[in-house]
Amino acid sequence: MLSMLAAPAAFARELKVLVMGDSLSAAYGLRPEQGWVALADAKSANYAFHNASVSGETTAGGRSRFAAELQRAKPDIVIIELGANDGLRGLPLKQMGSNLGWMIGASKAAGARVLLVGLQLPPNFGTYATDFQRSYVLISQRLGTGLIPHFLAPLGIERKWFQGDNLHPVADAQPLLAMQVLKALDTLPASAR
């Protein structure tokens, strides 16, 4: 009887999370265990993370690898943190949206919920930067995903949180990102299927 009562706790770690991201999720400039994905995996009793992030990845690159990663991880939840490299290269937002939409559709077809992670470009990108950030909100609303509107928002613009390139967060910033993602996962609606 006691073993039956303990069973729910044993299954609590069964939610598998696939992270498809770029350098922000691939622990660029850090040891892998210092990145937010590894920290979230270590901290959480509810989620087991499979990190398929690649530094420099675009949405097109993520899309090309996506089916194989879905097959490998068989996730319950997919986190898509891609697009920054599309934006920094000034690639068409329609192309980025198409790639993100395809990955969201493939995730749902595989029975996984989706958390879309929005990113922001420097203000010197002008209206492109505004349209870029808004595209994540529109995609999430249209396709029914969970959303983190701006991934680096917990860090603000404080220089201490960033590496020398002023783009990639330092090790001390990673726990803030991990906490943000875990909170978003805990509130991910069932309707984001």
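Note: hydrogens, waters and symmetry copies are ignored here, and every other heavy atom, side chains too, is used.
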Visitor: Would you confirm whether Gln163, through its side chain, and Tyr28, through its main-chain N or O, come within 3.5 Å as a donor-acceptor pair?
Guide: yes
Visitor: Exactly one of Asn99, Ile104, Val19, Val117 should register a side-chain contact (heavy atoms from CB on, under 4.5 Å) with Ile80. Which one does?
Guide: Ile104
Visitor: Decide yes or no for Trp102 and Thr59: does some side-chain heavy atom of the first lie under 4.5 Å from some side-chain heavy atom of the second?
Guide: no
Visitor: Is there a path of hydrophobic side-chain contacts, each under 4.5 Å between heavy atoms, that joins Val17 and Val54?
Guide: no
Visitor: Run the side chain to side chain contact (heavy atoms under 4.5 Å, CB included) check on Glu81 and Val181 step by step: do they pass?
Guide: CA-CA 11 Å; Glu81 179 274 304; Val181 171; over 6 Å; no
Visitor: Just verifying a value: how many Å separate Thr127 OG1 and Phe132 CZ, rounded to the nearest 0.5 Å?
Guide: 13.5 Å
Visitor: Provide the full list of salt bridge (charged side-chain N to carboxylate O under 4.0 Å, His left out) pairs with a residue in residues 44-70, sequence neighbours left out, each pair given once.
Guide: Glu57-Arg65, Arg65-Glu69, Glu69-Arg72
Visitor: Determine, using the 4.5 Å side-chain heavy-atom cutoff (strictly less than), whether Met96 and Leu143 are members of one ILVMFWY cluster.
Guide: yes
Visitor: Should Asp131 and Arg134 count as an ion pair when the cut-off is N to O under 4.0 Å?
Guide: yes
Visitor: Could you tell me whether the side chain of Thr187 and the main chain of Ala184 form a donor-acceptor pair under 3.5 Å?
Guide: yes
Visitor: So do the side chains of Trp36 and Phe151 get within less than 4.5 Å of each other, counting heavy atoms only?
Guide: yes
Visitor: Would you kindly say whether Asn51 and Ser53 are connected by a side-chain donor-acceptor distance under 3.5 Å?
Guide: yes
Visitor: Please check this pair: side chain of Ser107 against backbone of Met103, looking for a donor-acceptor N/O pair closer than 3.5 Å.
Guide: yes
Visitor: For residues Pro189 and Arg113, report the shortest heavy-atom separation together with the two atoms involved.
Guide: O-CD, 3.7 Å
Visitor: Given 3.5 Å as the limit, does a donor-acceptor pair link the side chain of Ser64 with the main chain of Gly61, or not?
Guide: yes
Visitor: Please test Leu70 against Val78 for side chain to side chain contact (heavy atoms under 4.5 Å, CB included), starting from the C-alpha separation and ending with a verdict.
Guide: CA-CA 9 Å; Leu70 266 183; Val78 176; 4.0 Å; yes
Visitor: With side chains defined as the heavy atoms from C-beta onward, is the minimum distance between Leu121 and Gln133 less than 4.5 Å?
Guide: no
Visitor: Hey, what do you get for CZ (Phe66) to CG (Leu18), rounding to the nearest 0.5 Å?
Guide: 6.0 Å
Visitor: If you look at every heavy atom in Ile139 and Leu116, which pair is closest and at what distance?
Guide: CG2-CD2, 3.9 Å
Visitor: So, does Gln34 use its side chain to make a donor-acceptor pair with the main chain of Ala27 at under 3.5 Å?
Guide: no
Visitor: Could you pull out the closest heavy-atom pair between Gly118 and Leu147, with the gap in Å?
Guide: N-CD1, 4.4 Å
Visitor: So, for Ile77 and Tyr47, which heavy atoms are closest and what is the spacing to 0.1 Å?
Guide: CD1-CE2, 4.0 Å
Visitor: Measuring from atom OG of Ser23 to atom CG of Leu167, what distance do you get when rounded to the nearest 0.5 angstrom?
Guide: 8.0 Å
Visitor: Determine, using the 4.5 Å side-chain heavy-atom cutoff (strictly less than), whether Leu24 and Val170 are members of one ILVMFWY cluster.
Guide: no
Visitor: Mark yes or no for whether Gln95, through its side chain, and Pro92, through its backbone, hold a donor-acceptor pair below 3.5 Å.
Guide: no
Visitor: Do Leu177 and Leu152 come within less than 4.5 Å of each other through their side chains, counting heavy atoms only?
Guide: yes
Visitor: Got a second to check how far Leu155's CG is from Lys160's NZ, nearest 0.5 Å?
Guide: 10.0 Å
Visitor: Mind listing the closest non-hydrogen atom pair of Gln174 and Leu39 along with its distance?
Guide: CB-CD1, 3.6 Å
Visitor: Side chains of His150 and Gln120: donor-acceptor distance under 3.5 Å anywhere?
Guide: yes
Visitor: Would the distance check show the side chain of Lys74 and the main-chain N or O of Gln71 forming a donor-acceptor pair, the cut-off being under 3.5 Å?
Guide: yes
Visitor: Supply the atom-to-atom distance Leu115 CG to Ile148 CD1, rounded to the nearest 0.5 angstrom.
Guide: 4.5 Å
Visitor: Check for a donor-acceptor pair, side chain of Ser140 on one end and backbone N or O of Thr145 on the other, with a separation under 3.5 Å.
Guide: yes
Visitor: If you measure from CG on Asn46 to CG on Leu182, what distance do you get to the nearest 0.5 Å?
Guide: 8.5 Å
Visitor: For the residue pair Glu14 and Asp76, what are the closest heavy atoms and their distance?
Guide: O-OD2, 3.0 Å
